[in-house]
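Accompanying notes for the structure given below.
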Amino acid sequence: MSTEPTAPQPRHFIQQIIDADLASGKHKKIITRFPPEPNGYLHIGHAKSICLNSGLATEFNGQFNLRMDDTNPTKEEIEYVDSIKEDVRWLSAEWNEHYYQASDYFDRMHADAIKLIKMGKAFVCYLSLEEMRLQKGDFTTPGKDSPTRNTSVEENLAAFEKMTRGEFDEGKAVLRAKIDMAATNEYMRDPVIYRIRKVEHHNTGNKWCVYPMYDYAHPLEDAYEGITHSICTLEFEKHRPFYDWVVNTVNTPSKPQQIEFARLNITYTVLSKRKLLELVQENRVNGWDDPRMPTISGLRRRGYTPASIRKFCETIGITKHNSLTDVALLEHAVRDDLNKTSPRFMAVLDPIKLIIDNYPEGEVEILEAQNNPEDPAAGSRTVPFSKTLLIERDDFIEVAPKKYFRLTPGQEVRLRWGYYVKCTHCVKDAAGNVTAVHCTYDPATKGGDSPDGRKIKGTIHWVSEAQASDVEVRLYDRLFTHENLNDLGDDEDWRTHLNPESLKVIRGKVEPALLTLKPGTRVQFERTGYFCVDIKDSQPSRPVFNRTVSLKDSWAKQIVK
RNA sequence: AGUCCGAUGGUGUAACGGUAGCACAGGAAAUUUUGGUUUUCCUUGUCCAGGUUCGAAUCCUGGUCGGACUACCA
């Protein structure tokens with residue numbers, strides 16, 4: 001039996017490299033890794049890398065490692081380690097038992113540094129930072145050799161030992177690889193591989209006062225773990241020759257291959273750890289998990305699902321050229337997911353009274369409402385109905401434009417799950433603001449169908465005033481008003497483009513069923529958008545709702561035209 | 001300035017010498033107890049100039065434009 005021929009799945013360049021490596025027998029099994037430095041919270045750009053690396057491991061039946069790249073104790077904290085693990089787990093990238101820390105390799109890296117010294121491939125240099133910069137040369141001029149470049153192996157061994165014991169102050173000595181000061185690639189001009197940092201490390205405490213540099217440490221970490229494909233972003237392209245130099249000169253048993261891909265950029269947001277840290281430190285947002293932040297924790301709190309983020313990462317693909325992804329792609333991914341999965345409720349965000357003049361005073365009816373028309377299995381709930389309701393202020397207009405299907409004097413609309421009502425008139429205050437809308441209902445249309453089959457164009461949502469609850473609703477919008485934050489002039493501060501209206505806090509009126517939801521629950525407010533119960537600030541029976549994303553609104557578009 | 005990398009609709013991508021396809025965005029319609037969803041249709045593209053070839057988005061040469069790099073950060 002043969003399966004129906006299907007179109008071949010498009011394969012990006014990294015999958016093709018792996019295909020070839022497996023076919024040639026270079027590798028039997030692949031091992032990938034995600035190696036964040038624990039100096040900040042993960043963001044959607046990291047999600048791209050996590051999905052890529054863990055996805056490749058799954059696809060090729062390989063292994064995925066999570067590794068803290070913690071070689072610089074001055075910037076790293078245990079708080080970040082914990083948040084990173086939580087976020088990677090939330091995205092359901094499974095590392096199983098393969099959790100590692102670069103700092104656990106410090107002994108081995110140090111031994112390999114001694115190996116390099118013995119080979120005459122590394123030396124201790126006493127040049128100051130400034131002197132070293134001057135001797136480095138530039139794009140067009142070769143660098144100058146360090147005065148200690150040709151000292152004996154014995155001297156270097158002793159000097160490195162002194163460094164390691166803490167006999168030098170910070171900045172007084174470094175260990176450098178001995179390669180070529182005239183190399184066209186600056187990263188090959190005797191790069192520093194160990195520096196002195198007399199700082200406590202969150203994992204190794206005060207055991208060390210010398211710490212390996214990224215360019216030296218990273219290839220070794222990969223090699224120690226047997227990583228086959230070490231995937232990083234484009235800015236490391238020029239580091240690759242040194243990566244290979246380390247692997248080949250130390251001659252590690254396994255020889256990982258570095259592959260670079262383009263990092264993610266999204267319109268109307270910043271995606272650099274430094275800028276995100278500044279937003280937090282300058283209190284421009286309320287922490288790393290502020291729902292406006294593009295961090296994983298921010299998106300989670302905003303109501304994004306892991307599946308929607310994974311879908312987004314799949315959609316944007318993997319290439320080597322820099323691009324700017326429209327945030328609409330992200331929003332589409334979450335709408336698409338939430339549309340299928342979230343139960344519907346009625347909530348009125350900008351209430352105005354609707355009084356049904358011919359409805360009995362004091363009567364309360366219990367109506368049945370479907371939870372999700374997309375999913376009959378989601379069942380139904382009940383909503384109370386009475387003479388005085390609250391509806392959206394937008395759903396009434398005294399003088400209606402063409403094709404307005406909502407309430408306007410003389411027009412009939414359907415109250416969702418309720419009755420047909422016909423608008424009669426409105427009441428205004430002294431200033432001319434509408435304070436209440438009046439209507440009459442047709443008792444024969446209970447549930448929203450009319451026996452005579454007459455068609456109603458507009459259906460609006462509502463809550464019964466007496467039974468409605470007052471809740472806090474947070475309406476989030478994009479954090480920046482500028483589309484491409486990478487495109488600013490040198491003297492232009494990205495902060496000036498912050499959107500002053502990125503957060504609006506309002507009080508809404510909601511149906512009773514909305515009060516008992518657990519924090520983190522995602523729902524749709526019918527005709528409005530997707531919301532979730534805030535996981536931090538909600539209290540029992542006092543939920544706070546975060547707007548994840550609004551529904552598409554083609555009427556709003558039409559009205560603009 | 002040098003080296004390296006890249007260039008496909010408005011945006012993100014696919015096509016690996018043989019019909020430029022998909023998704024988003026935008027537009028039109030049908031369906032709809034959400035102006036949502038769903039369905040159908042439409043608009044819009046191979047950076048430029050040469051070359052190789054029966055045939056080029058794809059290979060070659062030259063240009064143009066964009067990005068990365070000048071840390072004892074990662």
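These values consider heavy atoms only, across backbone and side chains, with no hydrogens, waters or symmetry-generated copies. Letters A, B, ... mirror the listed sequences (proteins, then strands); counts begin at 1. As the structure is a prediction and not an experimental result, all values here were calculated from the model.
Between B:A74 and A:Arg195, a contact under 4.0 Å exists linking OP1 or OP2 to a side-chain N or O. Contact between the side-chain N/O atoms of A:Thr459 and the OP1/OP2 oxygens of B:G35 is not found at any separation under 4.0 Å. Of the side-chain N and O atoms in A:Thr141, none sit less than 4.0 angstrom from OP1 or OP2 of B:G2. Here A:Arg527 reaches the OP1 or OP2 of B:G35: one of its side-chain N or O atoms lies under 4.0 Å away.
Side-chain proximity of A:Asn339 to B:U37, B:G35, B:C5: nearest is B:U37. The listed nucleotides are B:C69, B:G36, B:A74; the one nearest the side chain of A:Arg344 is B:G36. With distances taken from any side-chain atom of A:Glu237 to the nucleotides B:G35, B:C5, B:U3, the minimum falls on B:C5. When distances run from any side-chain atom of A:Thr319 to the nucleotides B:G36, B:A14, B:G35, the shortest one goes to B:A14. Taking every side-chain heavy atom of A:Glu186 into account, B:C69 is the closest of B:G36, B:C69, B:C72. Of the candidate nucleotides B:U34, B:G36, B:C16, B:G36 has the atom nearest to the side chain of A:Ser554. Side chain of A:His321, nearest nucleotide from B:C72, B:U13, B:G2: B:U13. Of the candidate nucleotides B:A15, B:C73, B:U34, B:C73 has the atom lying nearest to any side-chain atom of A:Glu37. Closest approach to the A:Thr325 side chain among B:G35, B:U70, B:G12 is made by B:G12 (side chain taken as heavy atoms from C-beta onward).
Looking at heavy-atom distances under 4.0 Å, A:Asp215 makes no contact with the nucleic acid at all. Note on A:Gly317: nothing from the nucleic acid sits closer than 4.0 angstrom, heavy atoms only. Using a 4.0 Å heavy-atom distance criterion, A:Thr528 is classed as making no nucleic acid contact. Contact annotation for A:Tyr194: no contact, since no heavy-atom pair falls under 4.0 Å across all strands. As judged by a 4.0 angstrom heavy-atom cut-off over every strand, A:Lys75 is placed among the base-contacting residues. Across all strands shown, A:Tyr404 has heavy atoms under 4.0 Å from base atoms, whether or not it also approaches the sugar-phosphate. Counting any heavy atom pair closer than 4.0 Å across all strands shown, A:Leu127 reaches a base atom. Nucleic acid contact class of A:Ser450 (heavy atoms, under 4.0 Å, all strands): none. Within the 4.0 angstrom heavy-atom criterion, no nucleotide atom of any strand lies near A:Asn185. A:Val174 comes within contact range of at least one nucleobase, with a heavy-atom separation under 4.0 Å. Residue A:Leu551 is classed as a base contact, given a heavy-atom separation below 4.0 Å to a base. The residue A:Gln524 sits close to a base: some heavy atom pair falls under 4.0 Å. Residue A:His239 is classed as a base contact, given a heavy-atom separation below 4.0 Å to a base. At a threshold of 4.0 angstrom between heavy atoms, the contacts of A:Leu415 with the nucleic acid are absent.
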Can you check nucleotides 22-25 of chain B for protein contacts, nitrogen or oxygen pairs under 3.5 Å, and list what you find?
residue	atom	partner	partner atom	Å
B:C24	OP1	A:His332	NE2	3.4

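For the pair A:Asp190 and A:Lys178, the salt-bridge criterion is not met [side-chain N within less than 4.0 Å of a carboxylate O].
For the P atoms, the distance linking B:U39 with B:U46 amounts to 30 Å, nearest Å. Nucleotides B:A28 and B:G63 place their C1' atoms 43 Å apart, quoted to the nearest Å. Rounded to whole Å, the P atom of B:A20 lies 12 Å from the corresponding atom of B:A56. For the P atoms, the distance from B:A57 to B:C48 is 11 Å, rounded to whole Å. Rounded to whole Å, the P atom of B:U37 lies 15 Å from the corresponding atom of B:A23. Spacing of P atoms, B:G67 relative to B:U11, comes out at 15 Å, to the nearest Å. Separating the C1' atom of B:U44 from that of B:G12 is a span of 15 Å, rounded to the nearest Å. A gap of 16 Å separates the P atoms of B:G6 and B:A15, to the nearest Å.
Residue A:Lys340 places no side-chain atom within donor-acceptor reach of the base of B:U37, judged by atom type and a 3.5 Å distance cut-off alone. At a cut-off of 3.5 angstrom, the base of B:G36 holds at least one donor-acceptor pair with the side chain of A:Glu374.
Using modelled atom types, one finds no donor on one side chain facing an acceptor on the other under 3.5 Å when comparing A:Ser308 with A:Asp337. Side chains of A:Glu483 and A:Thr267: no donor on one and acceptor on the other come within 3.5 Å. Side-chain polar atoms of A:Glu526 and A:Gln524 form no donor-acceptor pair below 3.5 angstrom.
What separates OH of A:Tyr268 from P of B:G12 is a distance of 14 Å, to the nearest Å. In this structure, A:Arg414 atom CZ and B:G35 atom P are separated by 10 Å, rounded to whole Å.
Under the stacking definition used here (centres under 5.5 Å, planes under 30°), the residue A:Phe139 fails to qualify as stacked on the base of B:A1. An aromatic stacking contact links A:Trp555 with the base of B:G35, defined here by ring centres under 5.5 Å apart and ring planes under 30° from parallel.
Atom NZ of A:Lys198 is surrounded by more than 12 heavy atoms from other residues, nucleotides or ligands within 6.0 Å.
Residues A:Pro219 and A:Pro256 come closest through the heavy atom pair O-CG, 4.1 Å.
A ring-centre distance under 6.0 Å is found for A:His218 and A:Tyr214.
Once rounded to the nearest 0.5 Å, the distance linking SG of A:Cys232 with CD of A:Glu237 reads 8.5 Å. Taking CG of A:Leu276 as the reference point, atom NE2 of A:His43 lies at 6.0 Å (rounded to 0.5 Å).
Taking the salt bridge (Lys or Arg N to Asp or Glu O under 4.0 Å) definition, one finds that A:Lys509 meets it with A:Asp470, sequence neighbours left out.
A cation-pi arrangement is absent between A:Arg414 and A:Tyr420 under the rule of less than 6.0 angstrom and at most 45 degrees off the ring axis.
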